[in-house]
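Nothing here was measured: the structure is a model prediction, and the numbers come from that model.
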Amino acid sequence: MYKRQTKDLKESGWVSIESPRAGAVIVYEPVVFDDGQSNEHIAICVSDTEAISNSYIKKVPVIHAIDMEFNGKPRKIIEILYNAKLLRK
């Protein structure tokens, strides 16, 4: 699913960047739960070190470190996207 979402973003002027910044979209590698279900995860950067996304446990948006973990292991970032239109003039 994330490939469709990133495709849509890129077609709308979003580009890949190397480092997180406020307003960027982070695409994390999917994880597979014990029951076999997978979770694709996208977050929005609120700063260079934090992002906001929906918590599958709490069922509400939460602010978390960009370098988030799942089951004690770092969750790999696949891509970081940014749109220059977010820059204030």
Check your understanding: Could you give the distance from CZ (R75) to CZ (F70), rounded to the nearest 0.5 Å?
Key -> 7.0 Å
Check your understanding: How about H64 and E50: do any of their side-chain heavy atoms sit closer than 4.5 Å?
Key -> no
Check your understanding: Are any of the side-chain nitrogens in E11 or K7 under 4.0 Å away from the carboxylate oxygens of its partner?
Key -> yes
Practice item. Rounded to the nearest 0.5 Å, what's the gap from CH2 on W14 to CG on N83? Could you check? Key: 5.5 Å
Check your understanding: Side chains of V32 and Q37: closer than 4.5 Å at any heavy-atom pair?
Key -> no
Check your understanding: Does Y82 reach the side chain of R21, with side-chain heavy atoms less than 4.5 Å apart?
Key -> yes
Practice item. Please indicate whether D34 has more than 12 foreign heavy atoms, meaning atoms of other residues, nucleotides or ligands, lying under 6.0 Å from its CG. Key: no
Exercise for review: Kindly compute the distance separating CD (E29) from OG (S38), expressed to the nearest 0.5 Å.
Suggested key: 11.5 Å
Exercise for review: Decide whether V46 and L9 are clustered together by the hydrophobic rule: side chain heavy atoms of Ile, Leu, Val, Met, Phe, Trp, Tyr closer than 4.5 Å, transitively.
Suggested key: no
Study note, to complete from the structure: Separation between NZ (K10) and CD (E79), nearest 0.5 Å, reads 3.5 Å
Review point. Would you call I78 and P30 a side-chain contact if the rule is heavy atoms closer than 4.5 Å?
Key: yes
Review point. Is there a side-chain contact between I42 and T6, using heavy atoms and a 4.5 Å cut-off?
Key: no
Review point. Looking at OH of Y28 and CE of M68, how far apart are the two atoms once the value is rounded to the nearest 0.5 Å?
Key: 5.5 Å
Check your understanding: What about I44 and I63, same hydrophobic cluster or not, with Ile/Leu/Val/Met/Phe/Trp/Tyr joined at side-chain heavy-atom distances under 4.5 Å?
Key -> yes
Point to revise | Closest contact, heavy atoms only, A22 versus D48 | key: N-OD1, 4.2 Å
Review point. Given side chains that start at C-beta, do those of I17 and L81 come closer than 4.5 Å, heavy atoms only?
Key: no
Exercise for review: Mind checking the CD1-SG spacing from I26 to C45? Nearest 0.5 Å is all I need.
Suggested key: 3.5 Å
Practice item. Determine whether V25 and I80 make a side-chain contact, defined as any pair of heavy atoms from C-beta on separated by less than 4.5 Å. Key: no
